[in-house]
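To start, the structure under review is shown below, and the notes come after it.
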Amino acid sequence: MLDPQLLRNNAEEVARVLRPRGYLLDVERFQDLEKDRKQLQINQQQLQHSRNQNSKEIGKLKAAKEDAAELIKNTELLGGELKSIGDRLQQIQLELNDLTAGIPNIPHESVPPGESEDDNVEQRRWGKPRDFLFEIFDHVQLGEDLGMLNFEQATKVTGSRFVVMTAGLARLHRALIQFMLDLHTQEHGYEETYVPYMVNANSLFGTGQLPKFEQDQFATDTDPRYYLIPTAEVPVTNLYRDEILESTELPVRHVCHTPCFRREAGSYGKDTRGMIRQHQFEKVELVQIVEPSTSWAALEELTGHAETVLQRLELPYRVVTLCASDLGFSSAKTYDLEVWLPGQQRYREISSCSNFETFQARRMRARWRNPETSKPEYVHTLNGSGLAIGRTLVAIMENYQNEDRTISVPNVLRPYLGGCDRIQNA
RNA sequence: GGUGAGGUGGCAGAGUUCGGUCGAUUGCACUGGUCUUGAAAACCAGCAUACCUUUGCGGGUAUCGUGGGUUCGAAUCCCACCCUCACCGCCA
């Protein structure tokens with residue numbers, strides 16, 4: 001949610017900065033609605049004022065045992081008028097709410113313009129893609145040959161875009177989660193957190209998935225409806241919905257491992273092979289709630305925390321700044337971490353680190369008490385994957401594959417696998 | 001699933017019997033001041049949010065879980081819904 005003041009006073013300017021995102025703000029419609037709203041509200045308040053005055057007067061008359069019949073009669077007439085104005089005002093408020101709830105965040109000034117992901121700007125690269133001296137395979141081939149990755153079984157028990165893993169691969173997958181949680185809690189100062197995997201509609205609204213992206217969510221048909229989380233960002237950030245934090249409590253840092261569930265509506269043809277795009281995947285998520293003045297430094301820092309994971313795993317990656325059109329709905333700026341996948345001969349997204357500034361905080365009413373003003377003010381929220389587990393596993397399989405079709409285990413993971421240095425058939 | 005209790009400001013907690021001067025008593029927390037070498041304590045004062053209006057001071061409207069209803073007037077009465085807590089049943 002944008003600052004309503006900003007929207008009212010500078011609609012043209014807001015429209016201009018949102019255009020690179022591919023969002024067309026209907027300024028005329030907004031201003032028409034605003035104008036009507038304002039006029040109706042003024043009328044309503046005048047009428048209410050008269051009514052309140054009369055009612056008070058009636059109270060006094062009655063207390064004094066005097067006749068109030070005529071005044072009551074006059075005041076009754078106000079009722080009908082108030083009702084019709086109230087109805088119209090409510091209608092307009094609903095339209096305004098729909099409109100404003102669907103407006104994306106304003107990109108930070110450092111966000112590059114651009115039409116597609118091709119316009120994302122590379123910031124830096126780390127590590128060198130390995131030169132293989134033998135024929136290499138992608139993770140699907142490798143996993144199926146090992147007998148530890150099975151998409152057909154998943155299709156049978158559920159449907160497409162799910163996977164079954166067994167033996168060493170399942171264990172490696174679990175080890176990744178443990179490794180990342182340990183790293184972020186022990187070295188980066190995050191608090192390990194466990195949360196519900198289903199959330200209510202308010203939570204999804206708070207982080208910006210609703211109302212616009214309902215079709216991307218899995219939901220129950222219970223009443224009330226619950227949604228399977230698309231990312232831990234939703235339950236973790238919403239811990240602070242309707243809360244006021246003391247400045248001494250900031251910054252808040254949570255690390256949270258959860259499964260994530262996504263419909264992947266609208267991506268039917270994409271990444272149909274393998275584990276890259278699934279309806280269910282694990283992720284270790286980093287979430288920070290910070291004082292507004294520190295959020296841009298926090299974004300760099302948080303991105304660094306995610307990068308550390310790749311560095312410890314010795315996986316080559318690059319960092320890109322998403323261009324305006326590729327930016328998520330709620331984000332002011334996002335860095336994507338892209339890991340090198342030899343099977344695809346390209347870098348693929350493995351983490352997305354964003355600063356939302358007050359956009360989510362406003363939707364959630366998440367605030368802190370600013371000592372300088374001693375008033376509650378909106379916090380800034382940030383999050384980033386640290387990392388997506390499934391894609392990390394894919395990256396390890398492909399980057400650490402050996403000529404004999406086994407997979408070496410990165411050094412830092414060996415303690416988590418009882419010292420095992422290689423995934424191979426028993 | 002059953003029964004009962006309850007949802008009020010940052011928190012705690014009155015007010016709901018008998019609808020009117022209740023946006024709301026009080027305590028804590030917080031902010032400013034007095035006092036003090038400094039701090040604490042004590043005392044004094046201030047202290048919800050949003051919107052409209054005003055150069056400013058200020059004025060107005062709404063909000064007591066949500067939505068609807070009764071009424072000239074609703075925190076208070078009526079209806080529906082949501083949520084929380086307690087106990088019982090069932091279950092991992």
Side-chain angles (χ1 to χ4, degrees), chain A residues 1-9 11 30-31 33-97 99-101 194 196-206 210-211 219-227 235 238-250 252 289 291 358 361-379:
Chain A
M1 199 81 83
L2 298 179
D3 180 358
Q5 301 278 12
L6 183 71
L7 206 49
R8 284 192 203 107
N9 300 330
F30 173 76
Q31 286 178 337
L33 284 169
E34 256 303 306
K35 203 172 138 204
D36 289 349
R37 192 215 98 229
K38 203 161 175 171
Q39 192 52 54
L40 282 169
Q41 188 171 335
I42 290 170
N43 291 350
Q44 185 192 45
Q45 292 187 358
Q46 282 169 349
L47 285 171
Q48 283 170 332
H49 181 55
S50 314
R51 185 199 59 192
N52 291 348
Q53 293 293 335
N54 289 358
S55 293
K56 261 184 193 165
E57 192 59 31
I58 290 165
K60 279 183 195 162
L61 288 174
K62 289 210 164 176
K65 307 262 188 215
E66 290 180 41
D67 179 35
E70 192 175 348
L71 197 50
I72 289 177
K73 207 172 164 194
N74 288 342
T75 311
E76 244 172 296
L77 297 175
L78 295 177
E81 215 173 329
L82 265 171
K83 174 100 177 110
S84 81
I85 286 185
D87 288 348
R88 272 192 291 158
L89 185 58
Q90 190 175 32
Q91 182 56 38
I92 285 179
Q93 290 282 18
L94 284 176
E95 283 181 49
L96 267 173
N97 288 347
L99 183 64
T100 55
Y194 173 86
Y197 297 162
M198 291 194 274
V199 295
N200 56 37
N202 276 341
S203 293
L204 280 168
F205 180 84
L210 287 184
T220 64
D221 66 354
T222 52
D223 184 25
R225 170 180 288 230
Y226 289 158
Y227 295 83
N238 275 281
L239 293 174
Y240 300 94
R241 172 149 48 84
D242 294 317
E243 297 291 334
I244 299 178
L245 293 160
E246 294 303 326
S247 63
T248 51
E249 298 175 87
L250 297 175
V252 167
I289 313 282
E291 289 182 23
T358 58
R362 219 177 272 285
R363 294 168 84 95
M364 294 193 297
R365 293 177 55 77
R367 293 168 294 169
W368 69 301
R369 201 172 284 280
N370 184 344
E372 286 179 21
T373 61
S374 78
K375 292 265 183 197
E377 297 173 9
Y378 291 116
V379 294

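Please read these numbers as outputs of a predicted model, since none were measured by experiment. Order of the sequence lines sets the chain letters (A, B, ...), proteins ahead of strands, with each chain counted from 1. Quick note: numbers below take in every heavy atom, side chains included, and nothing from hydrogens, waters or symmetry partners.
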Identify the nucleotide, in any strand shown, that forms a Watson-Crick or G-U wobble pair with B:A5, with both distances under 3.5 Å; if there is none, say none. B:U84
Can you tell me, in whole Å, how much space there is between the P of B:C88 and that of B:U17? 34 Å
Please report, rounded to the nearest Å, how far the C1' atom of B:C72 is from the NZ atom of A:Lys83. 17 Å
May I have the distance from A:Leu61 (atom CG) to B:G20 (atom P), rounded to whole angstrom? 17 Å
Do the side-chain N or O atoms of A:Gln46 get closer than 4.0 angstrom to the phosphate oxygens (OP1, OP2) of B:C52? no
What integer distance in Å separates A:Leu94:CG from B:G67:P? 11 Å
Quick check on B:C72: is either OP1 or OP2 less than 4.0 Å from any side-chain nitrogen or oxygen of A:Lys56? no
Please give the distance between the P atoms of B:U66 and B:G60 as a whole number of Å. 24 Å
Whole Å only: how far is the CZ atom of A:Arg369 from the C1' atom of B:G10? 5 Å
A:Ile72 side chain, from C-beta outward: closest of B:C72, B:C83, B:C52: B:C72
For the pair made of CZ in A:Arg362 and P in B:A50, what is the distance, rounded to whole Å? 10 Å
Do you know the tightest heavy-atom contact between A:Tyr378 and A:Arg362? CE1-NH1, 3.4 Å
Please give the distance between the P atoms of B:G67 and B:U8 as a whole number of Å. 16 Å
Whole angstroms only, please: what is the CD-P distance between A:Gln44 and B:C52? 13 Å
Does any nucleotide pair with B:U34 by Watson-Crick or G-U wobble geometry, both distances under 3.5 Å, and what is it? B:A42
State whether the side chain of A:Asn238 and the backbone N or O of A:Arg241 hold a donor-acceptor pair below 3.5 Å, judged by distance alone. no
Please determine if A:Glu34 and A:Arg8 form a salt bridge, counting it only when a charged side-chain N lies under 4.0 Å from a carboxylate O. yes
Measuring only the C1' atom in each nucleotide, how far is B:C83 from B:G89? A whole number of Å is fine. 22 Å
Any base atoms under 4.0 Å from A:Ile58, or only sugar-phosphate, or nothing? Heavy atoms, all strands. base
Full working for side-chain hydrogen bond (donor to acceptor under 3.5 Å, both in side chains) between A:Asn200 and A:Ser203: CA-CA 6 Å; A:Asn200 56 37; A:Ser203 293; 3.2 Å; yes
By nearest-heavy-atom nucleotide on RNA chain B, the more 5' of A:Asn54 and A:Gln48 is A:Gln48
Reckon A:Glu70 touches a base, only the sugar-phosphate, or nothing at all at heavy-atom distances under 4.0 Å? nothing
Any A:Arg37 side-chain nitrogen or oxygen under 4.0 Å from OP1 or OP2 of B:C52: yes
Establish, with yes or no, whether the OP1 or OP2 oxygen of B:U61 is under 4.0 angstrom from a side-chain nitrogen or oxygen of A:Asn52. yes
How do A:Leu71 and A:Arg51 order along RNA chain B: which one's closest nucleotide is nearer the 5' end? A:Arg51
So, OP1 or OP2 of B:G60: does either fall under 4.0 Å of a side-chain N or O from A:His49? no
What verdict does the side-chain hydrogen bond (donor to acceptor under 3.5 Å, both in side chains) test give for A:Asp87 and A:Gln91, after you've listed the backbone C-alpha separation in whole Å, the side-chain angles of each residue and the deciding distance to 0.1 Å? CA-CA 6 Å; A:Asp87 288 348; A:Gln91 182 56 38; over 6 Å; no
Contact class for A:Lys62 (heavy atom, under 4.0 Å): base, sugar-phosphate, or nothing? base
Using the side-chain heavy atoms of A:Gln45, tell me which of these nucleotides is nearest: B:C72, B:C52, B:G10. B:C52
Starting at atom CD of A:Glu34, determine the distance to atom P of B:C52, rounded to an integer number of angstrom. 8 Å
Under 4.0 Å, heavy atoms only, any strand: does A:Ser55 hit a base, just the sugar-phosphate, or nothing? base
Rounded to the nearest angstrom, tell me the gap between atom CG in A:Leu245 and atom C1' in B:C11. 14 Å
Of the nucleotides B:U53, B:C83, B:C51, which has the atom closest to the A:Lys38 side chain? B:U53
Nearest to the side chain of A:Gln41, which nucleotide is it out of B:C51, B:A62, B:C72? B:C51
Taking only N and O in the side chain of A:Gln90, is any of them less than 4.0 Å away from OP1 or OP2 of B:G68? yes
